[in-house]
Amino acid sequence: MSPSHGKRGGDNSVKLKLREDKKVAIPLGSDGKAHFRLRQVMVPPGQRVVLAKDFDPGFTGGCKDKQASVEQLAANVRLLSELQEKLYAQDSYALLLIFQGIDAAGKDGAIQHVLSGVNPQGCHVTSFKVPSEEELDHDYLWRATKALPARGMIGIFNRSHYEEVLVVRVHPELLTRQRLPPKLLDKRIWDRRFEEIRNFERYLTQNGVVILKFFLNLSREEQRERFIARIDEPAKHWKFSLGDYEERRFWDDYQDAYSDMLSNTSTPWAPWFVIPADHKWFSRLAISMVICEALESLDLKFPRLEKERRRALAGVRAELKRER
Ligand code: AMP
Ligand code: MG
């Protein structure tokens, strides 16, 4: 079943103008051939995808050279810093970056590295944890709404409202805690949530919020190795929780929930990107490419002052020059 994205009353103005065929060349010492195209990491809106079949967590676009990708990432971080300054100065669009992924997929590290060049004043990270009592007293989009970025700002969601069709779906007892009216707790609740989320995001994009969603796609084997590393290295102990290990038992349920989420909520206005996550250096590079591409497509400009105001500034300048 393909999700309906509702054309009625719509226009194309909220469609992100990404160049899906854009080739991302990764300069290499050895064969110089590594590249990937944006569309290789994008979930086509309206299309049913199955993670295990359609996306490879180990994909690197043929790049074996971590060093080359690190240099490209550094260039993107610099570009992102310039683009953010314009986003902030123009004060018209907001950028919302959503990160989802299983434990140890590398969400925190990706946020840290990709956004390392961004002015902290122009960006805000929200980590969504198990909902508080107050949050449970509201509809599930309430806390996401409160954390939305203002115009000119970059808002980062480390986990998000999507947990509501992931962990809550895998563990139905979490849904019970939400105290919804019993007649709303039928089998169609997940389809309704997908629709609600699509509509919520469409509303946001029609009001100037640009939304990019990244699912960090980690393999079961790589998660195992990262967990072992977290146990073996004392400096990583804090990152490991027994709960994370217990969630591993639900691996297949999560894979199904992720596939369903991606199939139903990748839209022309807020697409999902499935970021291969077995190689951290590649996932960071891919994420930075997508963000730069999206911001460049907005054609951001520093605001140009009115003629009157420019004349006033010229007057002030002349006076300052005369001052001694
Ligand atoms: P971490 O991101 O490792 O700090 O863990 C946060 C935990 O909060 C994860 O286990 C999430 O699954 C959980 N969490 C986040 N949002 C929700 C939600 N809406 N309902 C239930 N659990 C959630
Ligand atoms: Mg965790």
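These values consider heavy atoms only, across backbone and side chains, with no hydrogens, waters or symmetry-generated copies. Each ligand, and each atom within it, is numbered from 1 in the order the structure gives.
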Which segment of Pro131 sits under 4.0 Å of ligand 1 when only heavy atoms are counted: side chain
Taking heavy atoms and a distance under 4.0 Å, where does Val130 meet ligand 1: side chain, backbone, both or neither? both
Should the pair Glu222-Arg226 be classified as a salt bridge under the 4.0 Å nitrogen-to-oxygen rule? yes
More than 12 heavy atoms of other residues, nucleotides or ligands under 6.0 Å from CG of Leu320: is that the case? yes
Arg159 NZ/CZ over Phe99 ring centroid, <6.0 Å and within 45° of normal: no
For the CG atom of Leu141 and the CD atom of Glu164, what is their distance to the nearest 0.5 Å? 8.0 Å
Test of understanding: given a 4.0 Å heavy-atom threshold, classify the contact between Lys129 and ligand 1 as side chain, backbone, both, or neither. both
What residues form a side chain to side chain donor-acceptor pair (under 3.5 Å) with Arg192, not counting sequence neighbours? Asp186
Between Arg143 and ligand 1, find which residue part has any heavy-atom pair under 4.0 Å and reply side chain, backbone, both or neither. side chain
Just which atoms of ligand 1 are under 4.0 Å from any heavy atom in Val168? 20 (N)
Residue part near ligand 1, for Leu166, under 4.0 Å between non-hydrogen atoms: neither
Using side-chain hydrogen bond (donor to acceptor under 3.5 Å, both in side chains) as the criterion, point out the one residue from Arg143, Lys129, Lys146 that pairs with Glu135. Arg143
Counting heavy atoms only, which part of Lys107 comes closer than 4.0 Å to ligand 1: side chain, backbone, both or neither? neither
